[in-house]
Amino acid sequence: MQKADHPLYLSASVLYLTCMGAAPALAMKRLGISSQSARSVLRILSPPLYALLGGLSVALVRFSEVDRGVQIMDQEGNVLGVSHKAAEKAMKETALSRSALFGVTALVPSLMRHSPHMLRNPRMLTLLRNLAAVVTFGMMVPVSFCLFPHKGSISREDLEEELKEKTSEPIVFYNRGL
């Protein structure tokens, strides 16, 4: 890890942990908002917030990869060089997959409604929402890996000029990462 990476990791962690749940709850408490409509708005906004923060944290943490680049390979696995454009594409794909993963995981529990039985026992609703989040996350991890595979590809035309000269294959590959 390079010394310049530390501020990125720190800022991503602080931003992620602050906004995940603490900031909206603290704002509601500080402003004295306790109405049901405000809670409904917060419940509606939390899945997009989770998705945005999931993608943003990946972009912040992996931004240095764009400067360094990632290795690109041909079909046989021979390394052709380091591409900054492939690194940018890998970061965007990883941020998108993380956004989908966290957004859907936050969406499913928020769709659970209060039934008369749940109103008598609010702890049951909390337990069911937590279980729904765990099950959804467990199911979304393999789905995310299927939709966004570990090995990414990029068109030869999208590469840097010096890398285009090293291969005649129309598509080259790179390790997208998790």
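Residue indices begin at 1 and follow the sequence shown. Keep in mind that the numbers below use all heavy atoms, side chains included, and drop hydrogens, waters and symmetry copies. The structure presented is a predicted model; accordingly, all values stated were derived computationally and were not measured.
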### Message
If the test is side-chain contact (heavy atoms from CB on, under 4.5 Å), which one of Val82, Val172, Val79 qualifies with Ile72?
### Response
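When Val82, Val172, Val79 are each tested with Ile72, the side-chain contact (heavy atoms from CB on, under 4.5 Å) holds only for Val172.
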For residues 99-106, run the donor-acceptor check on the side chains, cut-off 3.5 Å, and write out each pair with its distance to 0.1 Å, sequence neighbours left out.
from	atom 1	to	atom 2	distance (Å)
Ser99	OG	Ala51	O	2.9
Ser99	OG	Gly55	N	3.3
Ser99	OG	Ala95	O	2.9
Thr105	OG1	Leu101	O	2.6

Atom [atom1] in [X], atom [atom2] in [Y]: separation rounded to 0.5 Å?
X      : Y      : atom1 : atom2 : answer
Ile171 : Gln75  : CD1   : CD    : 8.5 Å
Tyr174 : His150 : OH    : NE2   : 11.5 Å
Glu165 : Glu160 : CD    : CD    : 12.0 Å
Met140 : Cys146 : CE    : SG    : 10.5 Å
His84  : Leu159 : NE2   : CG    : 11.5 Å

### Message
Under 3.5 Å, is there a donor on one side chain and an acceptor on the other for Thr167 and Glu169?
### Response
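Side-chain D/A pair, Thr167 to Glu169: absent.
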Looking at every heavy atom in both [X] and [Y], which two are closest together, and how far apart are they?
X     : Y      : value
Ala87 : Gly69  : CB-CA, 3.8 Å
Gly81 : Leu163 : CA-CD2, 3.9 Å
Met91 : Phe63  : SD-CA, 3.9 Å

### Query
Donor-acceptor pair, Ser97 side chain versus Thr94 backbone, under 3.5 Å?
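Between the backbone of Thr94 and the side chain of Ser97 there is a qualifying donor-acceptor contact (under 3.5 Å).
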### Query
Does any N or O in the side chain of Lys164 come within less than 3.5 Å of the main-chain N or O of Glu157, such that one atom is a donor and the other an acceptor?
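Yes, Lys164 side chain to Glu157 backbone: donor-acceptor pair under 3.5 Å.
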### Message
By the salt bridge (Lys or Arg N to Asp or Glu O under 4.0 Å) test, which pairs, at least two apart or in different chains, include something from residues 74-88?
### Response
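Of all non-adjacent pairs touching residues 74-88, those that pass salt bridge (Lys or Arg N to Asp or Glu O under 4.0 Å) are Glu88-Lys92.
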### Task
Kindly indicate, with the supporting measurements, whether the criterion salt bridge (charged side-chain N to carboxylate O under 4.0 Å, His left out) is fulfilled by Glu65 and Arg68.
CA-CA 5 Å; Glu65 285 182 13; Arg68 287 181 285 190; 5.4 Å; no
### Message
Let me check something: do Val141 and Val134 share a hydrophobic cluster, defined by ILVMFWY side-chain heavy atoms less than 4.5 Å apart, either directly or through other members?
### Response
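In one cluster: no.
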### Query
In terms of hydrophobic clusters joined by side-chain contacts under 4.5 Å, are Leu131 and Met139 together?
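No: no chain of side-chain contacts under 4.5 Å links Leu131 to Met139.
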